[in-house]
Trainee: 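Handing you a structure now.
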Amino acid sequence: MAATKSERLVNLVICLLASRTFVPKERLRRVLEPYRNCPTDEAFERMFERDKEELRELGVPLEVGTTDAYFDDEVGYRIAPGEYALPELALATDEAQALGAAVRFWQQATLAQAASSALLKLKAAGVEVGPVSPVGIEPRVRAEAPAFEPLLEAVYERQVVRFSYRRGDGEVRSREVEPWTIDSWRGRWYLAGYDLGRSDERIFRLDRIAGPVLLTGRAPSHPLPDQVDVRSRVAAFALRPEADLGTATLRVRSGTCFPLRRAASAIEPDGEGWDVLVLTYRDGFEGYVAEFGADVVVLDPPRLRDAVIRNLRALAGRGAVPGQRLGEAGGADGVDGVDEVDLRAEWETAS
Amino acid sequence: MSTAVEQVERLLNLVPYLRSHPGVTVAEVADEFGVSQRQIAKDLNVLWFCGTPGGFADDLMEPHVGEGGAIHLDNAAEQITRPLRLSTREAVALLVALRAMAQVPGLADRDSLERVLAKLEAAVGQSAADTAERLSVAFEARDVVLEAATRAQTSGRALRLGYYVPSRDEVTERTVDPIRISMLSGRAYLDAWCRGSRDRRMFRLDRVVGIEVLEEPAAVPEHVKNAPEVEHSALRVDAQDPLIELELAPGARWVPEYYPCESVSELPGGGLRVALRAPDQDRIRRLVLRLGESARVLGPGEFAAAVRDTASAALAGYGSQAG
């Protein structure tokens, strides 16, 4: 029965914590009634092995050592009280409130659950965590990519993972990676690690991992680099600015195209109801401009103008115009990213 | 975890909890531990058989339940009167959250976050603190806007906002009463009562182009103040909205990563066929214009016509070259 087993495990914990020295297995069998009642040695061994496993699963720091300084063949067990117990933690009221807010931070199931079980331990230790103040900023984080959960597990368990990854250009390939860090930038998750197939560091977007992430059970064999360095490379990758392609001149209708106006270095009136803007543009700008429909006309450069016309013609159903597309680039694999025009740039490029 | 192991985990927590909360009721404990009152009663029954080994009755714990369900734990085994230390996972969840929150610009109580972070790091040990280094969340928000919004919200004052609405391509001026500021998926939002539209709205702070904290106090209507948190409007999709179907070239494969699609299927040659809904079709029309020749509208017919018309009108601006 569950109750009997729980009782046995709790008593085992108390017994091992109570002893300063390693307790020999035989003594445990004599002291704890359920072990004493085992009909055979095998039955006891099985039960005891299982119990040890389960306590370790709970995070109980069970130590194994020899019980006798002269004969190292007798094995015993103990739990060091200093290793077992949560250290004293005295929190001021504002600190306890901050902690309460941290518990509400995660919207991802595993982390949310871990945070609330941590909170319960702190409360059991007598830390009073007051209600979260209703005012103030409330940051919340989700991790919706299905890859998040197994990757987090791989980081905890220090295991090599295998998954198939779709690059920005559509290429899908199987990767074997030693995970280093999982970071969220601008609401998107990235994995940095050592790619065993490419024998080099790689950064992956979690939302581009296709299919399941498999934990291989193998431990990483390459050294874990300094996290600060890794993090700064992930940040550079996640926040990399697209290169300026040059200066563009646009004709825009008065009172429209607000973000373009904000980005302009010069604005001149140009006849009734129109202005001319000058701004620097980046890859993907032809798409961005097209969003403003008939309120904008690209005057210069011709490359940009042609790209806009080609897109509009396609959408207007007038067929394609031959020629190279603007910003068309091959499948560069630098840090795994031929990248799309970031929609977030919708505002940021313009401000 | 097996039921027994879960119960052991709870019991190792329950003993210190009952010691630090003498007289707490069965109902309160059940609520705190997230289990039924019946389960707590069962847990207490197990404790009657636990204690320092020796086999004598007075070595065992005595959890008495008195009037009104108040629990008093006598003879608690002193070895387990402190809870088990935080597991790596528990420590990581708290440390990463605290570190991320401490970086949020404009956060009023950063100082308390940093103090609790330092105490917690010391309490969880090196190995857990190291693992927590491997997970991080960075927020990004414009300092000035977030700072002003926070100031208005904490001091209970109204705000004047210049807010850009991309679907209408205009900056709207409005007076709002802040309710809360939330950060979701890396973005900051202001949840506020909009006086002009007499409705609760979610404003993306990165679209705020002008902000001013007013002298007058915020006046959030009572019924709104007590209403549950609203869903972020950007993420709210109604099944009533028409379903728009698009065919995407390989270069536009990123679309489903940003727009919640109801269905996505692969096309030969690396393209995708997607179906999506949005409260305002205008948002999707703008998306299609952006995609240009990388997208083709499959339906519905009116939407395809709207896209064609916009593109033709825009093309007219390019004169004969484009015709």
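Just so it is clear, the structure is predicted and the values come from calculations on it, not from any experiment. So that the names make sense, note that chain A is the first sequence line, chain B the second, and so on, each numbered from 1.
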Trainee: Checking side chain to side chain contact (heavy atoms under 4.5 Å, CB included) for the pair Leu111(A)/Val96(B): CA distance, chi angles, key distance, verdict?
Mentor: CA-CA 10 Å; Leu111(A) 287 160; Val96(B) 175; over 6 Å; no
Trainee: Quick check for you: among Glu32(B), Arg285(B), Glu114(B), Arg296(B), which has the greatest number of heavy-atom pairs under 4.5 Å with chain A?
Mentor: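 Max contact count across the listed options: Glu32(B).
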Trainee: Which atoms form the tightest heavy-atom contact between Leu12(B) and Tyr84(A), and what is the distance?
Mentor: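 Of all heavy-atom pairs spanning Leu12(B) and Tyr84(A), the closest is CD2-OH, 3.6 Å.
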Trainee: Applying side chain to side chain contact (heavy atoms under 4.5 Å, CB included) to Phe105(A) and Met101(B), what does each step give before you reach the verdict?
Mentor: CA-CA 8 Å; Phe105(A) 183 77; Met101(B) 289 165 66; 3.7 Å; yes
Trainee: Between Ala294(A), Ala118(A), Pro61(A), Cys15(A), which has the largest tally of heavy atom pairs under 4.5 Å with chain B?
Mentor: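 Maximum pair count with chain B is reached by Ala118(A).
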Trainee: Below 4.5 Å, heavy atoms only, C-beta onward: do Asp183(A) and Leu135(B) meet side chain to side chain?
Mentor: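 Asp183(A) does not reach Leu135(B) side chain to side chain.
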Trainee: Mind ranking Gly59(A), Ala85(A), Gly293(A) by heavy-atom pairs under 4.5 Å with chain B and telling me who comes out on top?
Mentor: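 With the most close heavy-atom pairs to chain B, the winner is Ala85(A).
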Trainee: What's the separation between atom CD in Glu293(B) and atom CZ in Arg310(A), rounded to the nearest 0.5 Å?
Mentor: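 Result: 5.5 Å between the selected atoms.
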Trainee: In terms of heavy-atom proximity below 4.5 Å to chain A, should Ala313(B) be classed as side chain, backbone, both, or neither?
Mentor: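 Answer is both: backbone and side chain atoms of Ala313(B) are under 4.5 Å from chain A.
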Trainee: Within a strict 4.5 Å, meaning less than it, do heavy atoms of the Phe292(A) and Arg286(B) side chains meet?
Mentor: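 The answer is yes; the side chains approach within 4.5 Å.
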Trainee: Less than 4.5 Å apart, any side-chain heavy atom of Asp94(A) and any of Arg115(B)?
Mentor: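 A side-chain contact under 4.5 Å exists here.
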Trainee: With chain A, which of Thr310(B), Leu86(B), Leu95(B) has the greatest number of heavy-atom pairs at distances under 4.5 Å?
Mentor: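 Option with the top pair count is Leu86(B).
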Trainee: Flag the pair Phe49(B) / Thr4(A) as yes when at least one side-chain heavy-atom distance between them is below 4.5 Å, and no otherwise.
Mentor: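 When only atoms from C-beta onward are counted, Thr4(A) and Phe49(B) do not touch, as no gap falls below 4.5 Å.
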Trainee: For chain A, which candidate among Leu94(B), Leu84(B), Val116(B) shows the most heavy-atom pairs at distances under 4.5 Å?
Mentor: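 Of the options given, most contacts go to Leu84(B).
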Trainee: Can you give me the closest heavy-atom contact between Lys119(B) and Leu89(A), atom names plus distance?
Mentor: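 Residues Lys119(B) and Leu89(A), closest heavy atoms: O-CD1, 3.5 Å.
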Trainee: Who among Val155(A), Val13(A), Leu122(A) has the most heavy-atom pairs with chain B under 4.5 Å?
Mentor: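 So the answer, after comparing Val155(A), Val13(A), Leu122(A), is Val155(A).
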Trainee: Drop me the distance from Ser294(B)'s OG to Asn311(A)'s CG, to the nearest 0.5 angstrom.
Mentor: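 Output value for this atom pair is 7.0 Å.
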Trainee: Could you tell me whether Arg134(B) sits above the aromatic face of Tyr156(A), with NZ or CZ closer than 6.0 angstrom to the six-membered ring centre and within 45 degrees of the axis?
Mentor: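 Output no; distance or angle outside limits.
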Trainee: Heavy-atom pairs under 4.5 Å with chain B are the metric here; pick the option from Asn11(A), Leu9(A), Leu17(A), Thr181(A) that has the most.
Mentor: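 If we count pairs closer than 4.5 Å to chain B, Asn11(A) comes out on top.
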Trainee: With a 6.0 Å cut-off (strictly less than), is the heavy-atom count around CZ of Arg50(A), excluding the residue itself, greater than 12?
Mentor: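 No.
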Trainee: Does Tyr318(B) use its side chain to pair, donor to acceptor, with the backbone of Val298(A) at less than 3.5 Å?
Mentor: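 Indeed, once roles are kept as given, a pair shorter than 3.5 Å links the two residues.
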Trainee: Is there side-chain contact between Val10(A) and Val46(B), with heavy atoms separated by less than 4.5 Å?
Mentor: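 Val10(A) vs Val46(B): side chains apart.
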Trainee: One pair to check against side chain to side chain contact (heavy atoms under 4.5 Å, CB included): Tyr288(A) and Leu289(B). What are the steps and the verdict?
Mentor: CA-CA 8 Å; Tyr288(A) 182 52; Leu289(B) 285 168; over 6 Å; no
Trainee: Which bit of Leu224(A) is near chain B, if near means a heavy-atom gap under 4.5 Å: side chain, backbone, both or neither?
Mentor: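 Leu224(A) touches chain B through side-chain heavy atoms alone.
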Trainee: Can you tell which part of Val296(A) gets under 4.5 Å to a heavy atom of chain B, answering side chain, backbone, both or neither?
Mentor: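 For Val296(A), backbone heavy atoms alone lie under 4.5 Å from chain B.
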Trainee: So which of Glu54(A), Glu33(A), Glu95(A), Glu88(A) has the largest heavy-atom pair count under 4.5 angstrom toward chain B?
Mentor: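 Of Glu54(A), Glu33(A), Glu95(A), Glu88(A), Glu95(A) has the most heavy-atom pairs under 4.5 Å with chain B.
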Trainee: Can you tell me which portion of Arg231(A) sits under 4.5 Å from chain B's heavy atoms? Options are side chain, backbone, both or neither.
Mentor: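 Side chain of Arg231(A) only, per the 4.5 Å heavy-atom cut-off to chain B.
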Trainee: I want to check something: taking the side chain as every heavy atom from C-beta on, are Glu133(B) and Asp226(A) in contact at a cut-off of under 4.5 Å?
Mentor: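 When only atoms from C-beta onward are counted, Asp226(A) and Glu133(B) do not touch, as no gap falls below 4.5 Å.
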Trainee: Need one label for Leu299(A): side chain, backbone, both or neither, based on atoms under 4.5 Å from any heavy atom in chain B.
Mentor: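 Neither; nothing under 4.5 Å.
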Trainee: Mind ranking Arg308(B), Gln79(B), Arg82(B) by heavy-atom pairs under 4.5 Å with chain A and telling me who comes out on top?
Mentor: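 With the most close heavy-atom pairs to chain A, the winner is Arg82(B).
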Trainee: Quick check: does any side chain N or O of Arg290(B) sit under 3.5 Å from a backbone N or O of Glu291(A), one acting as donor and the other as acceptor?
Mentor: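 Between the backbone of Glu291(A) and the side chain of Arg290(B) there is no qualifying donor-acceptor contact (under 3.5 Å).
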Trainee: Locate the shortest heavy-atom distance separating Ala97(B) from Trp106(A); write the atom from each residue and the value.
Mentor: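 Smallest interatomic distance, heavy atoms only, reads CB-NE1, 3.7 Å.
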Trainee: Please name the pair of heavy atoms, one in Leu315(A) and one in Ala295(B), separated by the smallest distance, quoted to 0.1 Å.
Mentor: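 Closest heavy-atom pair between Leu315(A) and Ala295(B): CD2-O, 4.1 Å.
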Trainee: About how many Å separate CZ of Arg8(A) and SG of Cys50(B), when rounded to the nearest 0.5 Å?
Mentor: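 So the SG of Cys50(B) and the CZ of Arg8(A) are separated by 11.5 Å.
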Trainee: Go through the atoms of Ala235(A) and report whether side chain, backbone, both or neither lie under 4.5 Å from a heavy atom of chain B.
Mentor: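 Neither the backbone nor the side chain of Ala235(A) comes within 4.5 Å of chain B.
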Trainee: Report the option among Ala112(A), Ala92(A), Ala192(A), Ala18(A) that has the most heavy-atom pairs separated by less than 4.5 Å from atoms of chain B.
Mentor: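 Winner by heavy-atom pair count: Ala18(A).
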Trainee: Which residue out of His21(B), Glu170(B), Lys42(B) racks up the most heavy-atom pairs below 4.5 Å with chain A?
Mentor: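 Maximum pair count with chain A is reached by His21(B).
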Trainee: Could you tell me if the side chain of Arg89(B) sits less than 4.5 Å from the side chain of Glu153(A), heavy atoms only?
Mentor: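 Yes - at least one pair of side-chain heavy atoms lies under 4.5 Å apart.
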Trainee: What closest approach, in Å, do Ala93(B) and Ala115(A) show between heavy atoms, and which atom pair accounts for it?
Mentor: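 Residues Ala93(B) and Ala115(A), closest heavy atoms: CB-N, 3.7 Å.
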Trainee: Would you check, one step at a time, whether the test side chain to side chain contact (heavy atoms under 4.5 Å, CB included) holds for Arg253(B) with Arg166(A)?
Mentor: CA-CA 10 Å; Arg253(B) 290 187 63 106; Arg166(A) 179 176 51 73; 3.2 Å; yes
Trainee: With distance as the sole test, does Ser20(B) use its side chain to make a donor-acceptor pair with the main-chain N or O of Ala124(A) at under 3.5 Å?
Mentor: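 Confirmed, Ser20(B) side chain pairs with Ala124(A) backbone.
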Trainee: In sequence, state the C-alpha distance, the side-chain angles, and the governing distance for Arg158(A) and Thr131(B), and then conclude on side-chain hydrogen bond (donor to acceptor under 3.5 Å, both in side chains).
Mentor: CA-CA 10 Å; Arg158(A) 294 174 205 260; Thr131(B) 307; 3.3 Å; yes
Trainee: Using modelled atom types only, decide if a donor and an acceptor are shared between the side chain of Arg85(B) and the backbone of Pro87(A) within a distance under 3.5 Å.
Mentor: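 Not at all, since once roles are kept as given, no pair shorter than 3.5 Å links the two residues.
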Trainee: Can you tell me which portion of Val288(B) sits under 4.5 Å from chain A's heavy atoms? Options are side chain, backbone, both or neither.
Mentor: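 Backbone plus side chain of Val288(B), per the 4.5 Å heavy-atom cut-off to chain A.
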Trainee: Taking the side chain as everything from C-beta on, heavy atoms only, tell me whether Val137(B) gets closer than 4.5 Å to Trp189(A).
Mentor: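 Contact flag for Val137(B)/Trp189(A) side chains = yes.
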Trainee: Enter the distance from Phe33(B):CZ to Lys123(A):NZ here, rounded to the nearest 0.5 Å.
Mentor: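 If I round to the nearest 0.5 Å, the distance is 9.5 Å.
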Trainee: So which atom in Ile14(A) and which in Met61(B) form the shortest heavy-atom distance, rounded to 0.1 Å?
Mentor: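 The answer is CD1-CE, 4.2 Å.
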Trainee: Without hydrogens or angle criteria, can the side chains of Ser117(A) and Arg10(B) be said to hold a donor-acceptor pair below 3.5 Å?
Mentor: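 Looking only at side-chain atoms, Arg10(B) and Ser117(A) do not form any donor-acceptor pair under 3.5 Å.
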Trainee: Take a 6.0 Å sphere around CZ of Arg27(A) and say whether it holds more than 12 heavy atoms from other residues, nucleotides or ligands.
Mentor: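 It does not: Arg27(A) CZ has 12 such atoms or fewer within range.
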